[in-house]
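Data block below; observations after.
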Amino acid sequence: MKKIFVTGGTGYIGSHTVVELQQSGFEVIIADNLCNSNIGVLDGIEQITGIRPAFEQIDLADEKQTRDFFSRHRDVEAVIHFAALKAVGESVQKPLEYYRNNLNSLMNVIGCMREYGIRNLVFSSSCTVYGQADVLPVTETTPRKQAESPYGNTKAMCEDIMRDVAKVEKGMNLLALRYFNPIGAHPSACIGELPNGVPNNLIPYLTQTVAGIREQLSVFGDDYNTPDGSAIRDYIDVVDLARAHVVAIRRLLEGKNKANYEYFNIGTGRGVSVLELIQAFERATGEKVNYRITGRRAGDIEKVWADTTLANTELGWKAVVPLEETLANAWRWQQHLGKMKK
Ligand code: NAD
Ligand code: UDP
């Protein structure tokens with residue numbers, strides 16, 4: 001059984017990916033410092049797959065701890081690096097913490113992979129690297145734009161590090177997945193997103209509003225140049241996204257990659273506005289969303305969605321979960337969280 005090292009594997013996207021990896025016959029070992037997740041996630045993973053993944057609490061931004069981990073796990077065949085700080089607003093307030101954590105962790109991981117002869121890496125990048133693109137949908141050849149936040153900068157810088165390392169480390173295969181907007185939860189409601197405090201992202205804020213934890217959802221702007229005036233994103237189901245990682249890992253392990261640094265858009269290819277998303281949620285769940293239109297949020301772009309042709313053809317991956325099913329899963333997860341708190 002091939003062993004995959006998943007950093008940030010108790011986090012939102014990491015935990016769903018661990019499930020898909022295990023269900024595809026991979027052995028998983030997780031390292032996470034639990035700064036934005038908790039150990040109970042392992043129970044959720046075990047409930048779904050029947051297998052409890054190995055886990056170590058490690059800060060990957062710490063070189064010594066990271067090297068120690070790699071020196072003890074020489075049988076790892078590939079790494080998926082999710083571990084990062086990801087709150088856009090917080091990154092503006094704490095730029096140093098974001099650069100230190102997100103850049104050092106990637107450099108430590110790649111450095112140790114080189115040292116211990118581990119060749120394959122899949123990295124979590126983001127559509128934030130495109131900023132407000134001039135032409136939509138964005139393809140992988142769409143020029144990257146200066147990011148709006150230190151968080152966004154860390155993703156662009158991490159991609160640059162991977163590109164530059166790949167030029168000289170010909171034996172290494174580095175692959176970045178540019179996620180669009182991941183939403184939803186595992187259909188079992190055993191794992192999902194665990195927002196810390198007041199959520200910044202649309203779906204956790206929306207589900208918490210419907211659950212009565214928040215009073216009202218603010219729709220940030222209805223004066224954008226879009227059909228209904230609200231901003232447009234490409235919302236990708238988290239299980240579809242998790243499956244993309246399994247496909248990417250297989251591509252590297254089977255030597256099917258065409259270059260030793262590659263990057264792919266991972267979205268649905270469909271743009272959905274905030275107001276359309278609210279309507280879809282109401283249809284999917286039968287619940288009413290209490291919302292009001294407020295001003296635009298600083299730093300938000302107007303619209304972005306993916307051209308997923310490259311992922312479809314090269315990776316043989318496609319998003320398949322219908323939006324309403326994704327939203328029903330997000331609501332089921334919110335209800336599950338409510339029950340856990342009681
Ligand atoms: P998350 O916060 O749920 O998961 C990240 C995990 O990494 C957490 O469990 C956290 O404890 C851990 N972590 C952070 N720094 C660490 C460190 N130094 N050492 C060890 N563990 C550390 O976030 P997520 O939504 O699952 O995101 C996973 C990855 O995907 C991140 O790199 C994020 O930037 C990227 N991404 C997320 C989104 C999104 O909307 N969720 C979009 C694009 C890209
Ligand atoms: N949004 C909103 N109200 C909220 C949170 C988000 O209207 O409480 C909008 C936001 O302006 C954007 C979309 O929902 O157009 C997705 O925002 P999110 O923060 O989830 O992801 P982003 O695209 O900013 O990474």
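In each ligand, atom 1 is the first atom listed, and ligand 1 is the first ligand listed.
- The closest heavy-atom contact to atom 5 (C) of ligand 1, among the options C35, A84, S126, comes from A84.
- Among all non-hydrogen protein atoms, the one lying nearest atom 4 (C) of ligand 2 is F220 CE1, 3.3 Å.
- In the hydrophobic clustering of this structure, L106 groups with I118; members are Ile, Leu, Val, Met, Phe, Trp, Tyr whose side-chain heavy atoms approach within less than 4.5 Å, directly or through other members.
- Atoms of ligand 2 found under 4.0 Å from any heavy atom of S218 (numbered from 1 in listed order, with element): 2 (C), 3 (N), 4 (C), 7 (O), 8 (O).
- When hydrophobic clusters are built by joining Ile, Leu, Val, Met, Phe, Trp and Tyr residues whose side-chain heavy atoms come closer than 4.5 Å, directly or via intermediates, L194 is grouped together with I48.
- Residue N265 comes nearest to A311 through the heavy atom pair O-CB, 3.5 Å, listed as atom of the first residue, atom of the second, then distance.
- A salt bridge is absent between K258 and E262: the closest approach of a Lys/Arg side-chain nitrogen to an acidic carboxylate oxygen does not fall below 4.0 angstrom.
- Separation of the F123 and Y263 ring centroids does not fall under the 6.0 Å cut-off.
- Of all the atoms in ligand 2, the ones that sit under 4.0 Å from a non-hydrogen atom of V274 are 7 (O), 9 (C), 14 (O), 15 (O).
- Remark: minimum distance from atom 16 (C) of ligand 2 to any protein heavy atom is reached at Y235 OH, 3.5 Å.
- Of all heavy-atom pairs spanning N101 and A61, the tightest one is OD1-CB, 3.9 Å.
- Nearest protein heavy-atom contact of atom 23 (O) of ligand 2 is R233 NE, 2.6 Å.
- For ligand 1, the polar-atom distance check finds no N/O of L85 at less than 3.5 Å from any of the ligand's N/O atoms.
- Looking at atom 24 (O) of ligand 2, its nearest protein heavy atom turns out to be R297 NH2, 3.0 Å.
- Near N181, the atoms of ligand 2 lying under 4.0 angstrom from a non-hydrogen atom of the residue are 16 (C), 21 (O), 22 (P), 23 (O), 25 (O).
- The nearest heavy-atom contact from the protein to atom 15 (N) of ligand 1 is N101 ND2, 3.1 Å.
- Contacts between N201 and ligand 2, counted as non-hydrogen atom pairs separated by less than 4.0 Å, involve both the backbone and the side chain.
- For the ligand labelled ligand 2, residue Y224 lies outside the 4.0 Å heavy-atom shell.
- A salt bridge does not link R178 to E140: none of the charged side-chain nitrogens sits closer than 4.0 Å to a carboxylate oxygen.
- In the candidate list Y12, F180, Y151, Y235, Y151 is nearest to atom 36 (N) of ligand 1, counting heavy atoms.
- For the pair R144 and E159, the salt-bridge criterion is met [side-chain N within less than 4.0 Å of a carboxylate O].
- Nearest residue to atom 41 (N) of ligand 1 from Q65, Q57, K86 is K86 (criterion: closest heavy atom).
- The V219 neighbourhood of ligand 2 comprises atoms 7 (O), with distances under 4.0 Å to a heavy atom of that residue.
- A cation-pi contact links R296 to Y224, judged by a cut-off of 6.0 Å to the six-membered ring centre and 45° from its axis.
- For atom 20 (O) of ligand 2, the nearest protein heavy atom (residue, atom name, distance) is L202 N, 2.9 Å.
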